[in-house]
Amino acid sequence: MKNRRASVAVQGPEILEVIDELHDEMLSFLIEIAEINSGSQNAEGIRQVIAACDPLLSEMGFQVGLLEGNHLIARMKGNMTPRILILGHLDTVYEKEHPFRKVVMEDDILRGPGVGDMKGGIALALYGLLCLKRTGLLENRMVTVLFNSDEERGSKTSRAFIEEEAPKHDLVLVFEGGKRVGDKTTFVIERQGVGTAQFTITGASHHAGMDHEKAVNVIEEMSHKIIELQKLTNYEGGTTVSPAGEIEVSDSRRNVIPEWVKFNVDFRFRNFVEKDRLFVGFKRIAETPFVVNRRTGRSAACEVKISLLRPPMIPTEKSLEYASEIERIGQEIGHAIVPRTRPGGSDGCYTAALGITTIDGLGPVGSGWHTDEEYLELPSLRKRLELFLRFWTNCF
Ligand SMILES: [Zn+2]
């Protein structure tokens, strides 16, 4: 990487000193914000978390503001590149009255609501910036911090802000939590896109006994279509197609062949070639009648409505380059880390879809997200902080 400066060696010990200085404060801060309930619906709780973040950002010289919908934005001006956007979410899945509220430390494990997803990442990003500030490395840097409050509900009110900010930057860092796979930990430069296809099949309804021969059975037609749809799955290509449990019929009486049936298919894909292949497949399967009434010559009609819910995060040349640097730094500091494709989306999908290099899953390592078993591996908080700082000094 171009920018690997002689200063790395000089910065090295200094960074470790600053981490030593700030680590315990970062941990207390994490516990403090994790114990504030900030379920996506709990606006008051989210405001409290924002109030906890604000002084830290202001102290570093950020201009802190609030966007409509309770999203925190903080800007620092500078001329050096890359211009960096730091993304995170302040909300959790635990609704206001949820009993999972306390943070408990057991040896190397920190249990608590949102510690992994993603208040650990919020604490790490803020204290990472503070370490950079203290070592003079934020000087003349353009950094924007955007922490939204509705990620767990699909970022409905914040997506437009994210998509407006991203193109003003060269690199997006998302501090969603890291994961553990065996003796390695993971981060993310690739995620699957997600969509849904709704099929509506119309046939000929009749009494199940008396007029059996006149019917065009939509349930039978649906069964054929589902078997065909399943065949579109391609694990090697990162594509899955799953008929989902939402099935609606015009008539659910036992002795009637219904007029119509609607069913949904969830699909996930890694890139746009696969997306196009699926769209063609869905249309072909919709247009192909599998059941033909031999007496009347009638077959069922079918319409398909396809919606994309989230674009895929597709790696760029630059993100692959950064990824191998992150892997290398991980080895150097004794924190095994590798990029892994992750199912499930993040706000990084929106920025990556705009062509902005996006690196995700940089937060501390944890598991049990979205359950009351959520925890964080405590040593990873420090390791991932060090990783972030070394990544910064090596690459920017
Ligand atoms: Zn999250």
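In listed order, ligands and their atoms are each counted from 1.
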**Q** Could you grab the protein N, O or S atoms closer than 2.8 Å to the Zn ion (ligand 1) for me?
**A**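 Listed by chain and number, the atoms are His89 NE2, Asp117 OD1, Glu176 OE1, Glu176 OE2.
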**Q** Please tabulate, one pair per line, all N/O donor-acceptor pairs under 3.5 Å involving side-chain atoms of residues 117-133, not counting sequence neighbours.
**A**
unit_1	atom_1	unit_2	atom_2	d
Asp117	OD1	His89	NE2	3.0
Asp117	OD2	His370	NE2	2.8
Lys119	NZ	Ile33	O	3.1
Lys119	NZ	Ile36	O	3.0
Lys119	NZ	Ser38	OG	2.7
Tyr127	OH	Glu25	OE2	2.9
Lys133	NZ	Met60	O	3.3

**Q** Could you list the residues that satisfy side-chain contact (heavy atoms from CB on, under 4.5 Å) with Val64, not counting sequence neighbours?
**A**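 Once residues adjacent in sequence are excluded, the partners of Val64 under the side-chain contact (heavy atoms from CB on, under 4.5 Å) criterion are Asp54, Leu57, Ser58, Phe62, Leu72, Ala74.
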**Q** Using the rule given for side chain to side chain contact (heavy atoms under 4.5 Å, CB included), can you reason through Phe161 versus Asn148, listing the C-alpha separation, both sets of side-chain angles and the distance that settles it, and then say yes or no?
**A** CA-CA 9 Å; Phe161 293 122; Asn148 63 352; over 6 Å; no
**Q** Could you tell me whether Glu176 and Arg342 make a salt bridge, using a distance below 4.0 angstrom between a side-chain N and a carboxylate O?
**A**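 Salt bridge: no.
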**Q** Residues two or more places apart in sequence or in another chain: which of them pass side-chain hydrogen bond (donor to acceptor under 3.5 Å, both in side chains) with Thr92?
**A**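 Not a single residue meets the side-chain hydrogen bond (donor to acceptor under 3.5 Å, both in side chains) criterion with Thr92.
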**Q** For a side-chain hydrogen bond (donor to acceptor under 3.5 Å, both in side chains) check, start with the C-alpha distance between Asn70 and Ser149, then their side-chain angles and the critical distance, and finish with the verdict.
**A** CA-CA 6 Å; Asn70 256 342; Ser149 64; 5.3 Å; no
